[in-house]
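See structure below.
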Amino acid sequence: AQKVTQAQTEISVVEKEDVTLDCVYETRDTTYYLFWYKQPPSGELVFLIRRNSFDEQNEISGRYSWNFQKSTSSFNFTITASQVVDSAVYFCALGGHTGGFKTIFGAGTRLFVKA
Amino acid sequence: KAGVTQTPRYLIKTRGQQVTLSCSPISGHRSVSWYQQTPGQGLQFLFEYFSETQRNKGNFPGRFSGRQFSNSRSEMNVSTLELGDSALYLCASSAESTGELFFGEGSRLTVL
(Lines give C-alpha, C1' and ligand atoms only; values in the text may rest on other atoms or scores of the structure.)
Protein backbone atom coordinates (compact mmCIF):
# COMPACT_ATOMS: atom_id res chain seq x y z
CA ALA A 1 0.00 0.00 0.00
CA GLN A 2 1.09 3.56 -0.61
CA LYS A 3 1.42 5.92 2.31
CA VAL A 4 2.79 9.39 2.95
CA THR A 5 3.60 10.55 6.46
CA GLN A 6 4.14 14.16 7.42
CA ALA A 7 4.81 13.91 11.12
CA GLN A 8 4.88 17.65 11.74
CA THR A 9 1.34 18.94 12.09
CA GLU A 10 2.25 22.57 12.67
CA ILE A 11 5.49 24.51 12.67
CA SER A 12 5.93 28.09 13.79
CA VAL A 13 9.05 30.09 12.95
CA VAL A 14 10.12 33.68 12.95
CA GLU A 15 10.82 35.38 9.66
CA LYS A 16 14.30 34.70 8.22
CA GLU A 17 14.63 31.40 10.03
CA ASP A 18 15.26 28.27 7.97
CA VAL A 19 12.66 25.53 8.26
CA THR A 20 12.53 21.92 7.08
CA LEU A 21 9.33 20.05 6.44
CA ASP A 22 9.65 16.29 6.71
CA CYS A 23 8.06 13.72 4.44
CA VAL A 24 8.39 9.95 4.63
CA TYR A 25 6.72 7.66 2.13
CA GLU A 26 5.97 3.97 1.66
CA THR A 27 5.46 2.22 -1.64
CA ARG A 28 6.16 -1.11 -3.28
CA ASP A 29 6.41 0.45 -6.71
CA THR A 30 9.85 0.66 -8.26
CA THR A 31 8.79 3.63 -10.34
CA TYR A 32 7.02 6.39 -8.49
CA TYR A 33 6.80 10.15 -8.27
CA LEU A 34 7.06 12.50 -5.35
CA PHE A 35 5.52 15.95 -5.16
CA TRP A 36 5.19 18.94 -2.90
CA TYR A 37 2.19 21.24 -3.01
CA LYS A 38 1.44 24.48 -1.18
CA GLN A 39 -2.01 25.51 0.00
CA PRO A 40 -1.99 29.18 1.06
CA PRO A 41 -4.79 30.67 3.14
CA SER A 42 -6.65 31.50 -0.07
CA GLY A 43 -7.16 27.76 -0.45
CA GLU A 44 -5.97 26.79 -3.93
CA LEU A 45 -3.34 24.04 -4.00
CA VAL A 46 -0.25 24.99 -5.96
CA PHE A 47 2.30 22.57 -7.37
CA LEU A 48 5.90 23.14 -6.23
CA ILE A 49 8.00 20.21 -7.43
CA ARG A 50 7.95 16.69 -8.88
CA ARG A 51 10.72 14.09 -8.65
CA ASN A 52 10.73 10.61 -10.08
CA SER A 53 12.13 7.66 -8.20
CA PHE A 54 15.20 7.39 -10.41
CA ASP A 55 16.35 10.93 -9.85
CA GLU A 56 17.82 11.40 -6.41
CA GLN A 57 19.52 14.67 -7.16
CA ASN A 58 18.64 17.36 -4.72
CA GLU A 59 17.05 20.45 -6.16
CA ILE A 60 17.20 24.11 -5.29
CA SER A 61 14.82 26.76 -6.52
CA GLY A 62 15.45 30.15 -4.98
CA ARG A 63 14.82 29.83 -1.24
CA TYR A 64 13.32 26.36 -1.67
CA SER A 65 15.31 23.14 -1.68
CA TRP A 66 14.37 19.49 -1.66
CA ASN A 67 16.32 16.51 -0.35
CA PHE A 68 15.30 13.12 -1.77
CA GLN A 69 16.81 10.08 -0.07
CA LYS A 70 15.61 6.71 -1.30
CA SER A 71 17.55 4.88 1.42
CA THR A 72 15.35 6.46 4.07
CA SER A 73 12.24 6.91 1.89
CA SER A 74 12.25 10.59 2.60
CA PHE A 75 11.62 13.69 0.53
CA ASN A 76 12.19 16.69 2.76
CA PHE A 77 11.56 20.32 1.90
CA THR A 78 13.59 23.22 3.25
CA ILE A 79 12.69 26.88 3.08
CA THR A 80 15.68 29.15 3.65
CA ALA A 81 15.20 32.60 5.15
CA SER A 82 11.45 32.11 5.57
CA GLN A 83 9.05 34.94 4.84
CA VAL A 84 5.54 35.69 6.04
CA VAL A 85 4.24 34.82 2.57
CA ASP A 86 5.48 31.27 3.08
CA SER A 87 2.74 30.74 5.66
CA ALA A 88 0.61 27.94 4.25
CA VAL A 89 -0.15 24.26 4.51
CA TYR A 90 2.39 22.17 2.65
CA PHE A 91 1.51 18.73 1.33
CA CYS A 92 3.86 15.98 0.29
CA ALA A 93 2.37 13.55 -2.23
CA LEU A 94 3.24 10.21 -3.80
CA GLY A 95 2.19 8.99 -7.21
CA GLY A 96 2.42 5.28 -7.92
CA HIS A 97 1.06 2.63 -10.23
CA THR A 98 -0.14 0.03 -7.75
CA GLY A 99 -3.80 -0.66 -8.47
CA GLY A 100 -3.82 1.99 -11.15
CA PHE A 101 -1.97 5.27 -11.02
CA LYS A 102 -3.07 7.71 -8.37
CA THR A 103 -1.51 10.46 -6.32
CA ILE A 104 -2.02 10.30 -2.59
CA PHE A 105 -1.28 13.07 -0.14
CA GLY A 106 0.16 13.31 3.31
CA ALA A 107 -1.81 15.03 6.06
CA GLY A 108 0.02 18.30 5.48
CA THR A 109 2.17 20.54 7.63
CA ARG A 110 0.84 23.96 8.55
CA LEU A 111 3.65 26.51 8.58
CA PHE A 112 3.29 29.81 10.41
CA VAL A 113 5.94 32.42 9.70
CA LYS A 114 5.77 35.33 12.11
CA ALA A 115 7.14 38.76 11.30
CA LYS B 1 -4.39 29.69 -20.28
CA ALA B 2 -7.49 29.28 -18.13
CA GLY B 3 -7.07 27.22 -14.99
CA VAL B 4 -9.26 24.48 -13.60
CA THR B 5 -12.78 25.72 -13.03
CA GLN B 6 -15.11 24.18 -10.51
CA THR B 7 -18.78 24.96 -10.04
CA PRO B 8 -20.56 25.66 -7.83
CA ARG B 9 -18.09 27.12 -5.35
CA TYR B 10 -20.39 26.79 -2.38
CA LEU B 11 -23.53 24.82 -1.77
CA ILE B 12 -25.70 23.74 1.12
CA LYS B 13 -27.74 20.57 1.04
CA THR B 14 -29.71 18.54 3.53
CA ARG B 15 -29.25 14.91 4.45
CA GLY B 16 -30.65 12.50 1.91
CA GLN B 17 -30.35 14.88 -1.03
CA GLN B 18 -27.94 14.43 -3.87
CA VAL B 19 -25.43 16.82 -5.38
CA THR B 20 -23.57 17.17 -8.67
CA LEU B 21 -20.28 19.05 -8.90
CA SER B 22 -18.68 20.12 -12.13
CA CYS B 23 -15.07 20.52 -13.20
CA SER B 24 -13.60 21.98 -16.37
CA PRO B 25 -9.94 21.03 -16.72
CA ILE B 26 -7.17 23.03 -18.29
CA SER B 27 -7.44 22.92 -22.06
CA GLY B 28 -5.55 19.91 -23.40
CA HIS B 29 -5.53 18.03 -20.10
CA ARG B 30 -7.21 14.65 -20.40
CA SER B 31 -6.74 13.40 -16.84
CA VAL B 32 -9.11 14.64 -14.16
CA SER B 33 -8.90 13.59 -10.53
CA TRP B 34 -11.24 14.32 -7.64
CA TYR B 35 -10.29 14.68 -4.00
CA GLN B 36 -12.22 15.24 -0.80
CA GLN B 37 -10.57 17.52 1.74
CA THR B 38 -11.69 17.59 5.36
CA PRO B 39 -9.92 18.83 8.50
CA GLY B 40 -9.91 15.35 10.00
CA GLN B 41 -9.02 13.19 6.99
CA GLY B 42 -6.96 15.56 4.87
CA LEU B 43 -6.94 15.06 1.11
CA GLN B 44 -8.56 11.79 0.16
CA PHE B 45 -8.48 10.47 -3.40
CA LEU B 46 -11.91 9.82 -4.88
CA PHE B 47 -11.31 8.83 -8.50
CA GLU B 48 -9.45 9.63 -11.67
CA TYR B 49 -10.76 9.82 -15.22
CA PHE B 50 -8.88 9.76 -18.48
CA SER B 51 -10.52 9.94 -21.89
CA GLU B 52 -13.97 9.31 -20.40
CA THR B 53 -12.82 6.18 -18.53
CA GLN B 54 -12.50 5.84 -14.78
CA ARG B 55 -9.02 4.43 -14.32
CA ASN B 56 -8.77 4.42 -10.58
CA LYS B 57 -11.01 4.76 -7.57
CA GLY B 58 -10.38 5.50 -3.91
CA ASN B 59 -12.02 3.92 -0.90
CA PHE B 60 -15.33 5.70 -0.94
CA PRO B 61 -18.81 4.17 -0.90
CA GLY B 62 -20.80 3.74 -4.08
CA ARG B 63 -22.76 6.90 -3.27
CA PHE B 64 -19.82 8.74 -4.78
CA SER B 65 -19.69 8.51 -8.55
CA GLY B 66 -18.33 10.47 -11.42
CA ARG B 67 -18.02 10.70 -15.12
CA GLN B 68 -16.03 12.44 -17.79
CA PHE B 69 -17.28 13.81 -21.07
CA SER B 70 -15.64 13.81 -24.46
CA ASN B 71 -14.42 17.39 -23.93
CA SER B 72 -12.66 16.20 -20.71
CA ARG B 73 -15.07 18.06 -18.46
CA SER B 74 -15.96 15.98 -15.45
CA GLU B 75 -18.76 15.74 -12.94
CA MET B 76 -18.99 13.99 -9.64
CA ASN B 77 -22.20 13.04 -7.91
CA VAL B 78 -22.90 12.21 -4.31
CA SER B 79 -26.26 10.61 -3.60
CA THR B 80 -28.08 10.23 -0.30
CA LEU B 81 -25.95 12.85 1.37
CA GLU B 82 -24.75 12.34 4.93
CA LEU B 83 -23.49 14.91 7.42
CA GLY B 84 -20.00 13.46 7.04
CA ASP B 85 -19.95 14.36 3.36
CA SER B 86 -19.47 18.02 4.28
CA ALA B 87 -16.11 18.86 2.79
CA LEU B 88 -14.17 20.76 0.19
CA TYR B 89 -14.23 18.79 -3.06
CA LEU B 90 -11.23 19.46 -5.22
CA CYS B 91 -10.81 18.71 -8.87
CA ALA B 92 -7.38 18.52 -10.45
CA SER B 93 -6.34 18.10 -14.04
CA SER B 94 -3.11 16.84 -15.45
CA ALA B 95 -1.54 16.53 -18.86
CA GLU B 96 -0.44 13.03 -17.94
CA SER B 97 -1.29 10.76 -15.03
CA THR B 98 2.18 10.95 -13.59
CA GLY B 99 2.45 14.67 -13.93
CA GLU B 100 1.76 17.46 -11.57
CA LEU B 101 -1.83 18.19 -10.67
CA PHE B 102 -3.40 21.56 -11.30
CA PHE B 103 -6.17 22.17 -8.81
CA GLY B 104 -9.32 24.20 -8.97
CA GLU B 105 -10.52 26.32 -6.08
CA GLY B 106 -12.88 23.60 -4.98
CA SER B 107 -16.56 23.22 -4.24
CA ARG B 108 -17.40 23.57 -0.58
CA LEU B 109 -20.33 21.36 0.33
CA THR B 110 -22.18 21.72 3.60
CA VAL B 111 -24.70 19.04 4.52
CA LEU B 112 -27.24 19.99 7.18
Side-chain angles (χ1 to χ4, degrees), chain A residues 1-10 21 23 25 27 29-55 59 61 64 66 75 77 88-110, chain B residues 1-10 23 25-26 29-51 53-60 64 66 68 87-109:
Chain A
Q2 294 186 145
K3 187 178 178 183
V4 177
T5 301
Q6 294 180 257
Q8 303 149 309
T9 305
E10 287 187 1
L21 310 181
C23 173
Y25 62 92
T27 181
D29 290 328
T30 53
T31 301
Y32 52 89
Y33 301 82
L34 295 164
F35 306 83
W36 276 94
Y37 289 84
K38 174 182 180 180
Q39 188 173 39
S42 58
E44 196 164 333
L45 277 147
V46 176
F47 163 79
L48 294 177
I49 189 172
R50 178 183 85 154
R51 308 296 288 176
N52 72 51
S53 51
F54 299 108
D55 183 1
E59 182 157 337
S61 177
Y64 294 172
W66 291 270
F75 186 43
F77 173 29
V89 181
Y90 291 87
F91 292 93
C92 180
L94 167 67
H97 292 275
T98 300
F101 191 88
K102 62 178 179 241
T103 301
I104 63 165
F105 287 76
T109 297
R110 184 176 297 276
Chain B
K1 203 173 189 182
V4 177
T5 304
Q6 290 188 247
T7 57
R9 291 289 316 282
Y10 302 91
C23 171
I26 290 173
H29 285 190
R30 293 163 67 188
S31 172
V32 174
S33 300
W34 288 89
Y35 290 83
Q36 181 196 64
Q37 186 175 25
T38 59
Q41 298 296 317
L43 276 157
Q44 301 287 310
F45 173 78
L46 281 157
F47 25 64
E48 188 244 354
Y49 287 87
F50 185 90
S51 293
T53 300
Q54 184 185 88
R55 294 200 298 188
N56 206 350
K57 191 175 189 304
N59 296 322
F60 279 82
F64 292 81
Q68 186 180 34
L88 180 66
Y89 290 88
L90 292 165
C91 169
S93 74
S94 178
E96 53 176 341
S97 287
T98 61
E100 59 266 35
L101 298 171
F102 293 85
F103 284 86
E105 293 179 289
S107 293
R108 186 167 293 282
L109 170 66

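First the proteins, then the strands, lettered A, B, ... as listed; each starts at 1. Worth knowing before you read on, the calculation uses all heavy atoms, side chains too, and leaves out hydrogens, waters and symmetry mates. Predicted model only: the values in this text are computed from it and were never measured.
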Whatever's closer than 4.5 Å to a heavy atom in chain B on A:Y32 counts as neither

Yes or no on side-chain contact (heavy atoms from CB on, under 4.5 Å) for A:Q2 and B:F45, after CA distance, side-chain angles and deciding distance? CA-CA 12 Å; A:Q2 294 186 145; B:F45 173 78; over 6 Å; no

Separation between NZ (A:K102) and CG (B:L46), nearest 0.5 Å, reads 11.5 Å

query = B:Y35 side chain to A:F105 main-chain N or O, any donor-acceptor pair under 3.5 Å?
reply = no

dist A:L45:CG -> B:E100:CD (nearest 0.5 Å) comes out at 13.5 Å

In short, B:L101 meets A:F47 closest at the heavy-atom pair O-CB, 4.1 Å

Turns out that what part of A:Q6 lies under 4.5 Å from chain B's heavy atoms comes down to neither

For atom OH of B:Y10, decide whether the heavy atoms of other residues, nucleotides or ligands shown that lie under 6.0 angstrom number more than 12. no

Okay, B:Q44 and chain A: the region with an atom under 4.5 Å from a heavy atom over there is neither

